[in-house]
Amino acid sequence: MRKRIAMKDHVQEIQLISRRCISVLILMVILVALLISRFAYLQLINHAHFTTLSQKNWLDLVPIEPTRGLIYDRNGVLLAENVPVFSLDVIPYKITNMPKMLSEVAKIIPISDNDIAQFQRQLKQHRRFDEVTLKLRLAEDEVARFYENQYRFPGVLVKAHLLRHYPFTNSLSHILGYVGRINIEELKDIDPINYSGTNYIGKLGVEKYYEDELHGTVGYEQTENDASGESVRTIKRIKPNPGRNLYLTIDTKLQTAAEQALAGHRGAVVAIQPSTGQILAFVSEPTYDPNLFVEGISNQDYQALQQSPNRPLYNRALRGLYPIGSTIKPFIALGGLDSGVVTPNYTIFDPGFYKLNEVSHVFHDWKRHGHGMVNISRAIIVSCDTYFYDLAHKLGIQRIDHILGQFGFGELTGIDMDEELSGVISSPAWKRRVKGLPWYEGDTLNSIIGQGFMQITPLELAAGVAIIANHGTHYVPHLLLSEQEQGKKPELQASVAADTVKLSDPAYWNIVINAMQGVITAPGGTGYHFGKLGPYTVAIKTGTAQNHSIKHYNMNEDHEDQSMLPERMRDSSLLIGFAPVEKPKIAIAVIVENEATASIVARQILDYYLIGPPPIQIPLRPLGSQVHVAQ
């Protein structure tokens, strides 16, 4: 049979091909439409964004660190400056093998373990493309040696910096504080843009409190880079605004004299201008060199400061808490007179002790056989404890707290430093809250002679006696005298007045002040260590901060023999005062730990300020010498 031949359906094939062509055409149209839409999205809608990204491939913004403001004293003496130094900086992202680079660089420039430790810490706090300092203060020969080998170290460069420097080294450190490298915690609180070119920030003291004024505003350079990221040229420059210069109220010559008077002793001195609240001297001894912290203090040096038994890092003037001792008595006397509890002529007989009717405990006077008949003036002059025991019993603890609160005790003074502590003014509520114990009448009597739970700072004492010098007018203690923008005159800062202490009879001020003069001039006055008066008048009150209870009296004298005790167990001495009495120029508080030399220290400081430097400095007793307690 013959095979059958299949016939093709040409119409059906044409229709199939047509449908396929149409489908492909539609798909092509859709794809082209999507492509055109994407082009439109990129070129029109996101044009600005991608233009910026493109520019970043060849443009870069380099922050310029502002020059930190300088710090001067009231007479224009430079206290904190910026010195030019060369440093060895590293750009981390350009380093392929960091340990090898450090090892090779160390063969050219000596790098200490402390430099490495500081560098490693800084690496963790910076971005990979930030410049991180490996070593500060390169010597000229080190710079020259590195330049000869720089081709071997891509990503390592020598940069010029301005580094903070304190020309008075150990002097003034507890006022100025210091700057140091920014740490991780500080990065959370600062403006990252304004500090993008800055590695340092104020850590303590004036440097920290006035950081915003001293830092300034960052500037920028817009640079053109090549394909490798190296800068080719600067296109645009925005200058940084330097920080403001600060003028402090401190008199550097007086500060130095106070430091010399206190040298070799632990203690503090605060001197204030009563008419303004300006702080003239602010001393805490011993002290330290703040320059150690600027470059990054080694662990060994830091441990030495931390573990020193003399605690040089401890700001005694601002944070030291001491028993107020008998320096409390002028303030309590004013409260007693103002409240009407006693009068200027009210007199008691002091047998050498005081006894409450309802308790068996006997409260002894510092003088074994007492002072005989005493009124309020005599009680201040001879520092009669018995009189003030009686006054405390009449006043009660609530009125005593109110009196002391009027003079700012137990509260922050408001000084322009962040680290201040307030003293402790004890009360029944305070004792119940802190000690979990009830208040006894004996606590009140102990408080009135400045023992017990009462504690004050030297700054509080100086501010309090300045109020007495002003007959009640109260100015907030401060360190800033004026600020200066670049190219402008300094702007004087006005003093800030606080609440005035008003008495029912203004004559009470003179009664207490005259008695404070008698501490030096009247027979039996406790200010005999102060010496004979010079060409100026002065009102003072001495005091003793007891370190232990007096359990017995020496049979041959009225004071416990402190020389029989270990030096650290001896009582500390205090003095408050002001001069001249008629128109006070200076109010002062002095505390010397474990020594009865506060009067000698105060005399040297007042003589220097009111008379001038003596041809021969009055020597202080060295630590450990034999002295006796003076109230």
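Along the sequence shown, the residues carry numbers beginning at 1.
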### Task
Begin from the C-alpha positions of Gln273 and Tyr475 and carry the test side chain to side chain donor-acceptor pair (under 3.5 Å) through to its verdict.
CA-CA 10 Å; Gln273 190 178 79; Tyr475 291 101; over 6 Å; no
### Task
Could you go through the side-chain contact (heavy atoms from CB on, under 4.5 Å) check for Tyr72 and Val77 one step at a time?
CA-CA 5 Å; Tyr72 301 89; Val77 177; over 6 Å; no
#### Entry: side-chain contact (heavy atoms from CB on, under 4.5 Å) evaluation trace for Ile397 with Asp443
CA-CA 9 Å; Ile397 191 61; Asp443 293 328; over 6 Å; no
### Message
Go through it in stages, so that I can follow the logic: the residues are Arg316 and Thr457, the test is side-chain contact (heavy atoms from CB on, under 4.5 Å), and I'd like the CA-CA distance, side-chain angles, deciding distance and then a yes or no.
### Response
CA-CA 8 Å; Arg316 289 166 164 83; Thr457 66; over 6 Å; no
### Derivation and outcome, side chain to side chain donor-acceptor pair (under 3.5 Å), residues Tyr536 and Asp607
CA-CA 9 Å; Tyr536 60 86; Asp607 280 357; 2.5 Å; yes
### Message
Thr526 vs Thr542, test: side chain to side chain donor-acceptor pair (under 3.5 Å). Steps then yes/no.
### Response
CA-CA 7 Å; Thr526 58; Thr542 60; 2.8 Å; yes
### Task
Give the intermediate values and the outcome of side-chain contact (heavy atoms from CB on, under 4.5 Å) for residues Leu214 and Ile71.
CA-CA 9 Å; Leu214 289 166; Ile71 303 178; 4.1 Å; yes
### Message
Run Tyr440 and Asn446 through side chain to side chain donor-acceptor pair (under 3.5 Å) and show every step you take.
### Response
CA-CA 10 Å; Tyr440 301 105; Asn446 279 331; over 6 Å; no
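In this structure, the side chains of Ile520 and Leu533 come closer than 4.5 Å at one or more pairs of heavy atoms. For the pair Ile376/Asn345, no side-chain contact is recorded, criterion being any heavy-atom separation below 4.5 Å from C-beta on. The shortest distance between side-chain heavy atoms of Val465 and Met516 falls below 4.5 Å.
Lys431 NZ: more than 12 foreign heavy atoms inside a 6.0 Å radius. Taking a 6.0 Å sphere around CG of Asp499, one finds it holds 12 or fewer heavy atoms contributed by other residues, nucleotides or ligands.
For the side chain to side chain donor-acceptor pair (under 3.5 Å) condition, the pairs that include at least one residue of residues 335-344, sequence neighbours left out, are Asp338-Ser504.
Side chains of Thr473 and Thr500: a donor-acceptor N/O pair is absent below 3.5 angstrom, by distance only. Counting only N and O atoms by type, the side chains of Thr386 and Asp365 include a donor and acceptor under 3.5 Å apart. Between the side chains of His478 and Gln493, no donor-acceptor pair is found at a separation under 3.5 Å. Side-chain contact annotation: Ser326 with Lys541, donor-acceptor N/O pair under 3.5 Å absent. Of the N and O atoms on the side chains of Tyr322 and Glu593, at least one donor lies less than 3.5 Å from an acceptor on the other residue. With 3.5 Å as the limit, one finds no donor-acceptor pair spanning the side chains of Glu259 and Thr256. Side-chain atoms of Thr287 and Ser173 form a donor-acceptor pair, as typed in the model, at a separation below 3.5 Å. A side-chain donor-acceptor contact under 3.5 Å links Gln278 and Arg74.
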Could you list the donor-acceptor pairs under 3.5 angstrom formed by side chains in residues 507-514, with sequence neighbours left out?
| from | atom 1 | to | atom 2 | distance (Å) |
| --- | --- | --- | --- | --- |
| Trp509 | NE1 | His471 | O | 3.4 |
| Asn514 | ND2 | Asn510 | O | 3.0 |

Name each donor-acceptor pair under 3.5 Å that joins a side chain in residues 412-426 to protein atoms two or more places apart or in another chain, with its distance.
| from | atom 1 | to | atom 2 | distance (Å) |
| --- | --- | --- | --- | --- |
| Thr413 | OG1 | Ile415 | N | 3.3 |
| Thr413 | OG1 | Glu420 | OE1 | 3.4 |
| Thr413 | OG1 | Glu420 | OE2 | 2.9 |
| Asp416 | OD1 | Leu479 | N | 2.9 |
| Asp416 | OD2 | Tyr210 | OH | 2.6 |
| Asp416 | OD2 | Leu479 | N | 3.3 |
| Asp416 | OD2 | Leu480 | N | 3.1 |
| Glu420 | OE1 | Thr413 | N | 3.4 |
| Glu420 | OE2 | Thr413 | N | 2.8 |

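Scanning all heavy atoms of the two residues, the minimum distance from Gly543 to Thr327 falls at N-CG2, 4.1 Å. Taking every heavy atom of both residues into account, Ile588 and Ala602 meet most closely at CD1-CA, 4.5 Å. Closest non-hydrogen pair, Ile611 versus Pro535, comes out as CD1-CD, 3.4 Å. For Asp401 against Ser427, the heavy-atom pair with the smallest separation is OD2-CB, 2.9 Å.
Ring pair Tyr354/Tyr387: centre-to-centre distance not below 6.0 Å. Two rings, from Tyr288 and His174, have their centers less than 6.0 Å apart.
The backbone N or O of Phe530 sits less than 3.5 Å from a side-chain atom of Arg603, completing a donor-acceptor pair. With Gln255 contributing its side chain and Phe282 its backbone, the two residues share a donor-acceptor pair below 3.5 Å. Although no hydrogens or angles enter the test, the distance criterion places no donor-acceptor pair under 3.5 Å between the side chain of Arg319 and the main chain of Asn315. Using a distance-only test at 3.5 Å, with no hydrogens or angles considered, a donor-acceptor pair links the side chain of Asn375 to the main chain of Ser377. Looking at Glu411, its side chain never comes within 3.5 Å of a backbone N or O of Gly408 through a donor-acceptor pair.
Among residues two or more places apart in sequence or in another chain, the ring pair (Phe, Tyr, Trp, His ring centres under 6.0 Å) test is passed with Tyr389 by Phe363. Every residue meeting the side-chain hydrogen bond (donor to acceptor under 3.5 Å, both in side chains) condition with Asp73, not counting sequence neighbours, appears here in chain and number order: Thr252. For Glu207, the side-chain hydrogen bond (donor to acceptor under 3.5 Å, both in side chains) test picks out Arg68, Arg164, Tyr166, with sequence neighbours left out.
The CG atom of Leu445 lies 10.0 Å from the CG atom of Leu391; values are rounded to the nearest 0.5 Å.
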